[in-house]
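Everything below concerns the one structure shown next.
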Amino acid sequence: MNYWLMKSEPDVFGIDDLAAMPRKTDHWDGVRNYQARNMMRDEMKKGDQVFFYHSNCKEPGIVGIAEVVKEGYPDHTAWDPKSKYYDPKSDPENPRWYMVNIKFVRKFDRTVSLQEMKQEKALEGMKLLQRGNRLSVMPVEKKHWQHILKMEKR
DNA sequence: GCCAACGTTGGC
DNA sequence: GCCAACGTTGGC
């Protein structure tokens, strides 16, 4: 099993929105970055665990856990001219963009903030903390995953 | 709201 | 294939 982190803006779609969905599940549409696309299409597997990260907000950080329940499949919003994610260059015969479905697992007791994570020696080298990182989907190492779970309980 | 960092686009 | 211009992300 692998571990991941996915970013979302709470004003647009936060962890509470995921928890409020039917079956607490939603498709992760709108990713228009090739690196993130490749991970969703090729690497994320059913049962993989996902940190849900709130970005672009007052207190950026990890707020809970979700789980991959459906592996990569074409992101149909790319073919919908009315969607804000419409990409005329994505051909249904040869889809350019992919998404996965994730299901709410649990919300953290508290937010493990970005600021806090930056100060942790044990999290050195974590992708999220690297300068200028803008990926909205990224892998998390098991040791980092476990350390963050400990931080939550402090 | 600012701005640094990064990805993409397109002219050459 | 280079690289300047532009758009977006996201912390602050």
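Below, chains carry the letters A, B, ... as their sequence lines are ordered, and counting in each starts from 1. What's counted below: heavy atoms across the whole structure, side chains too, no hydrogens, waters or symmetry copies.
- Within the structure, a side-chain polar atom (N or O) of A:Lys118 is placed less than 4.0 Å from OP1 or OP2 of C:dC12.
- Note: CG (A:Asp87) to P (B:dT8) measures 12 Å, nearest angstrom.
- Atom P of nucleotide C:dT9 and atom CG of A:Leu114 are separated by 18 Å, given to the nearest angstrom.
- Summarising the geometry, the separation between NZ on A:Lys89 and C1' on B:dG7 is reported as 13 Å, rounded to the nearest angstrom.
- Side-chain atoms of A:Lys7 lie closest to C:dG10 of the nucleotides B:dG7, C:dG10, B:dT9.
- Regarding A:Leu135, its CG atom lies at a distance of 13 Å from the C1' atom of B:dA5, rounded to whole Å.
- Smallest separation of non-hydrogen atoms from A:Val50 and A:Met44: CG2-CE, 4.2 Å.
- Counting only N and O atoms by type, the side chains of A:Asn38 and A:Tyr98 include no donor and acceptor under 3.5 Å apart.
- Nucleic acid contact class of A:Lys58 (heavy atoms, under 4.0 Å, all strands): none.
- Residue contacts shown for A:Glu9 are absent, as no nucleic acid heavy atom lies under 4.0 Å away.
- At whole-Å resolution of the value, CE in A:Met117 and C1' in C:dG11 are 13 Å apart.
- Minimum atom distance to the side chain of A:Ser55 is reached by C:dG11, of the listed B:dG7, C:dG11, B:dT9.
- The nearest whole Å value for the distance from the CG atom in A:Asn38 to the P atom in B:dG7 is 13 Å.
- The interatomic distance linking A:Leu128 (CG) with C:dT9 (P) rounds to 17 Å, in whole Å.
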Using the salt bridge (Lys or Arg N to Asp or Glu O under 4.0 Å) rule, take A:Lys58 and A:Glu9 through it: C-alpha gap first, then chi angles, then the decisive distance, then the call. CA-CA 11 Å; A:Lys58 209 163 182 178; A:Glu9 300 186 24; over 6 Å; no
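- Take the nearest nucleotide of DNA chain B for A:Asn133 and for A:Arg96: the residue whose nucleotide is more 5' is A:Asn133.
- In summary, the side chains of A:Trp97 and A:Asp87 do present a donor paired with an acceptor at a separation below 3.5 Å, with no hydrogens or angles considered.
- The pair A:Arg110-A:Glu116 meets the salt-bridge criterion, since a charged nitrogen lies less than 4.0 angstrom from a carboxylate oxygen.
- Nearest to the side-chain atoms of A:Tyr34 among the listed nucleotides C:dG10, B:dT8, C:dC12 stands B:dT8.
- At whole-Å resolution of the value, OH in A:Tyr53 and C1' in C:dT9 are 11 Å apart.
- Among the nucleotides B:dG7, C:dC12, C:dG10, the one closest to any side-chain atom of A:Asn56 is C:dG10.
- Between A:Arg32 and A:Arg131, the residue anchored closer to the 5' end of DNA chain B is A:Arg131, taking for each the nucleotide with the nearest heavy atom.
- For the pair A:Tyr85 and C:dT8, the criterion of a side-chain N or O lying under 4.0 Å from OP1 or OP2 is not met.
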